[in-house]
Each structure stands twice: as C-alpha cells, then as structure tokens.
Amino acid sequence: ARTAQIETSATARERRIAGDANRSGVLRQESGAAVRLYLEKVGALRSRNYRLYLFGQIISLPGTWLQVVAQAWLVLELGGSGTDLGITVALLALPVLLLGTWGGAIADAVDRQRLLVATQAAQGGLALALGLLTIFGVVTLWMVWLLAFGLGLARAIDSPARQAFVSELVDREDLARAISLNSTVVA
C-alpha cells in the first residue's frame, strides 16, 4: 500500500508537469476509475439496470409523496374536516393493507417489469386526473376519495412488485445490499 502511495504521488507530480491539456484528460480517467471502484465496493450498484432503477426510484417516490400531501391539502381546502382527511388517508392505505398479499401474488405471476410500468402509468393517470379536475375547478370531495382509492389499489400491486423486481436486477451475491438500498429509498 505504501509503495502504491509513493507511485501515485510520483505519477501525480508528473501529471502536474505535463500541463493543463493532458491533466484534464488524466483526471477524467482517474475519476472514472474512482467511480468504478466505488461501484465495485457497493456491489449492487455494479448492475447498470439496478442503478437506473434505484435512481428512478429516488426521483419517483418523492413525487408520489408530494401527491399524497397535495391530496390531503386539497381535502382540507375543499372544506373537509379531520374526519374527511382521515377517510382520504384510509382510502389510500387500506387497499395496501388488505390487498397487499394478493398484489404480491400478482407480482409473482406476471412479468414484473410490465406490471410496474402499468401500475406507474395508472398512478400517473390518477395524478393527472386529480390535477385536471382541480385546475378546471370541478373537483369535489367524492372525486378525491375515488382517486385516492384508485391510487391505493395501484400501490397495493406496485409495492410488492417493486420489492420483488430488485431480485431480477442484481446477481445473487449482491441481492442483500440491493434490498437494503431499495428499502432505504422506499422508507
């Protein structure tokens, strides 16, 4: 390790002397090597498909939670009481609680990638419908409840499929790390 440090510092001195034009290309190569080394250490991130999936989740899930918050806020803006807000949250959560096992069975029976595309499209369509109803000023409480229930149904299938899909993206030796990363993002 000490010899490698000496060689690295000597190499770094040579690069400084070589000039700015050469230095930028070498540094780019070094940073690429550093990223590859990090990916090797983390394990699960070695898989390009898993990296794409994970970063997609990092972008998608905050949007889902923003939708839930906006939906609750809309219920309160529509003159809803605490009870109305509780009903809205129940309509979001109960399908996941009561139908999650069946959602997992569905996820095991069909192509998970297509199922995830379908559930994400359904959730996006429901968000679009709520947004358009709100923009046009025709939204009512029962519409919000219906859309919340639809979102809960989509999530009842999406959540187990999302968890199971990870096993298709990484090698067996990286599965534990991939599940840990996935759980961190989802939680």
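Quantities reported herein were computed from a predicted structural model and do not represent experimental measurements. This chain uses plain numbering: 1 for the first residue, then up along the sequence. These numbers come from the heavy atoms of this one structure, side chains and all, not from hydrogens, waters or symmetry mates.
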> Do I106 and F165 share a hydrophobic cluster (ILVMFWY, side-chain heavy atoms under 4.5 Å, transitive)?
Replying inline: no
>> Looking at every heavy atom in both A178 and V166, which two are closest together, and how far apart are they?
In response: CB-CG1, 3.6 Å
>> So which atom in A161 and which in L116 form the shortest heavy-atom distance, rounded to 0.1 Å?
In response: CB-CD2, 3.9 Å
>> Going by the rule side-chain hydrogen bond (donor to acceptor under 3.5 Å, both in side chains), which residues pair with E168 if we only count those two or more places apart in sequence or in a different chain?
In response: R112
>> For G103 versus P160, what's the shortest heavy-atom pair and its separation?
In response: C-CG, 3.7 Å
> With hydrophobic residues grouped by side-chain heavy-atom distances under 4.5 Å, do V138 and V144 end up in a single group?
Replying inline: yes
> Who pairs with L128 by side-chain contact (heavy atoms from CB on, under 4.5 Å), at least two apart in sequence or on another chain?
Replying inline: L132
> Got a second to check how far Q71's CD is from L85's CG, nearest 0.5 Å?
Replying inline: 10.0 Å
>> Membership question, hydrophobic clusters at under 4.5 Å side-chain separation (ILVMFWY): are L61 and L66 in the same one?
In response: no
>> As an exercise, state the distance from CH2 of W145 to OG1 of T140, rounded to the nearest 0.5 Å.
In response: 10.0 Å
>> Donor-acceptor check, side chain of S183 to backbone of S180, threshold 3.5 angstrom: yes or no?
In response: no
>> Using only atom types and a distance under 3.5 Å, with no angle test, would you say the side chain of S60 pairs donor to acceptor with the backbone of G56?
In response: no
> Ignoring hydrogens and geometry, is there a side-chain-to-backbone donor-acceptor pair from D108 to A105 under 3.5 Å?
Replying inline: no
>> Quick check: closest heavy atoms across Q67 and L126, and the distance to 0.1 Å?
In response: NE2-C, 4.5 Å
> Would you say W142 and L91 are hydrophobically clustered, going by side-chain heavy atoms of ILVMFWY under 4.5 Å?
Replying inline: yes
> Are V117 and V110 in one and the same hydrophobic cluster, where Ile, Leu, Val, Met, Phe, Trp and Tyr link if side-chain heavy atoms are under 4.5 Å apart?
Replying inline: no
> With a 4.5 Å heavy-atom cut-off, do L130 and L151 have their side chains touching?
Replying inline: no
>> Tell me the closest heavy-atom pair linking L92 and V68, and the distance in Å.
In response: CD1-CG1, 4.0 Å
> Who are the side-chain contact (heavy atoms from CB on, under 4.5 Å) partners of L153, not counting sequence neighbours?
Replying inline: P95, L99, F149
>> If I compare all heavy atoms of L76 with all of S81, which pair ends up nearest, and what's the gap?
In response: CD2-O, 4.4 Å
> CD1 of I58 to CG of L181: how many Å apart, nearest 0.5 Å?
Replying inline: 8.5 Å
> From I157 CD1 over to T119 OG1, what is the distance, rounded to the nearest 0.5 angstrom?
Replying inline: 7.5 Å
> Nearest 0.5 Å, what's the OG1-CG distance between T134 and L78?
Replying inline: 7.5 Å
>> Donor-acceptor pair, distance only, cut-off 3.5 Å: does the side chain of Y53 make one with the backbone of L169?
In response: no
> Could you give the distance from CD1 (I87) to CG (L94), rounded to the nearest 0.5 Å?
Replying inline: 11.0 Å
